[in-house]
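Being a predicted model, the structure only gives us computed values, none of them experimental.
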Amino acid sequence: MTNKDRKKSEGRNTRRFPVIAAALLAVSGISAGIFGFTAEMTTRAGLNEMEKVPTSYHVPAVNSVPEMDETVTKEENRETGEAGAETGSKIDDGIADRLDYHASMSSLNTGTPTSIDLTMEEAAALGMKYLEDIMGFDKEGANVYMSYDSGTVTFPRAFWDGDVRFGEEVKTDDDTWHFFIDAVTGELFMLSCSETLDVDVPLGYDSSLENNYGVYAEAAKEIAECCNLVGGPVADVKYSCQGYSSDNNPDITMEVYGENGQIATLTFSRYNQRFLGLSTDTSRVITDRAMEDLMKEDAEATDWQTQTLEDGSVIMTRER
């Protein structure tokens, strides 16, 4: 099957999102779309180049995560961290062969999980469960390429990043899905999917959507409440921004406010209104506080260097 044929084969790769959201979005079946990681998240390539910082938990651990199959549940005690990372997952012999998907470490991975982190297999199982429950993803036959990071300057929290596709990881023209979760608790930080459209559509800013975004607001509210993305009932939904993802898929992002103060962002395609991904309140809090710390450090720093460019302009840089 060619890549284009795969994109058109919605029955295999994805299934219809819950009826309430599908009706609101007038979706004829959910298939891959994209919403690239938002500005608050660095790209995977950038993460490996940035200064690493110790994991710092600014918010409580997740209260609940999607239930994993008993066959892929970790047995060792995570509170004491008795088992080392080298022991691997406690998946029974033969279970991996019966999974609906195949998980492996990405060729781009440079990190090593610690004794208190989820194993690669456990993280993959949780990430795939999030994609299945929230985005209606059909994991049968998927390849999951996992990467671990102990934390970065802009995201000081250990995390697992899963790159999901139905082909080899080096093929960038395949439809892809991503999940981004806490490496210790499995709490969800972000989900996204990508699709290059078979048609050329305008990617420019649509000013009319600033005040006429009702269909997206209703869809965002239904999804957030159905999947408990803001820890309870939704109090309000606001327009956030527009952009485009993949090569040619224009998108729009909604901010969903929970009655308890939590905020989640949900992104949809402006072309066909498909649900493209989300970022959770926890990821926002972690990033915001990290940026505040960086700004404070910069304000207090004394190791600034001045450089004069050829055009006479002067810039100041600070090495980290």
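- Looking at every heavy atom in both residues, Met146 comes nearest to Ala124 through CE-N, 3.7 Å.
- Ring geometry for Phe166 against Trp177 counts as perpendicular: the plane angle is over 60°, on a 0 to 90° scale with 30° as the lower cut.
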(request) Go through Asp182 and Thr282 one step at a time and tell me if the side chain to side chain contact (heavy atoms under 4.5 Å, CB included) criterion holds. (result) CA-CA 10 Å; Asp182 186 287; Thr282 301; over 6 Å; no
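- Here the closest heavy-atom approach between residue Tyr148 and residue Ala183 is recorded as CE1-CB, 3.6 Å.
- Listed by chain and residue number, Thr154, Thr287, Leu294 satisfy the side-chain contact (heavy atoms from CB on, under 4.5 Å) test with Met291 (two or more places apart in sequence, or in another chain).
- Side-chain atoms of Ser269 and Asn272 form a donor-acceptor pair, as typed in the model, at a separation below 3.5 Å.
- Using a 4.0 Å cut-off between charged side-chain N and carboxylate O, Glu255 and Arg284 make no salt bridge.
- Of the listed residues (Val256, Leu188, Ile223), just one forms a side-chain contact (heavy atoms from CB on, under 4.5 Å) with Leu278, and that residue is Leu188.
- Using modelled atom types and a 3.5 Å distance limit, the side chains of Gln242 and Tyr213 yield no donor-acceptor pair.
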(message) Does Tyr101 form a ring pair (Phe, Tyr, Trp, His ring centres under 6.0 Å) with Phe137? I'd like the steps, not just the answer.
(response) CA-CA 12 Å; Tyr101 59 89; Phe137 180 75; 9.3 Å; no
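- Each of Asn211, Asn212, Asp206 was compared with Ser208 under the side-chain hydrogen bond (donor to acceptor under 3.5 Å, both in side chains) criterion, and only Asp206 meets it.
- For Pro233, the side-chain contact (heavy atoms from CB on, under 4.5 Å) partners at least two apart in sequence or on another chain are Glu225, Glu259.
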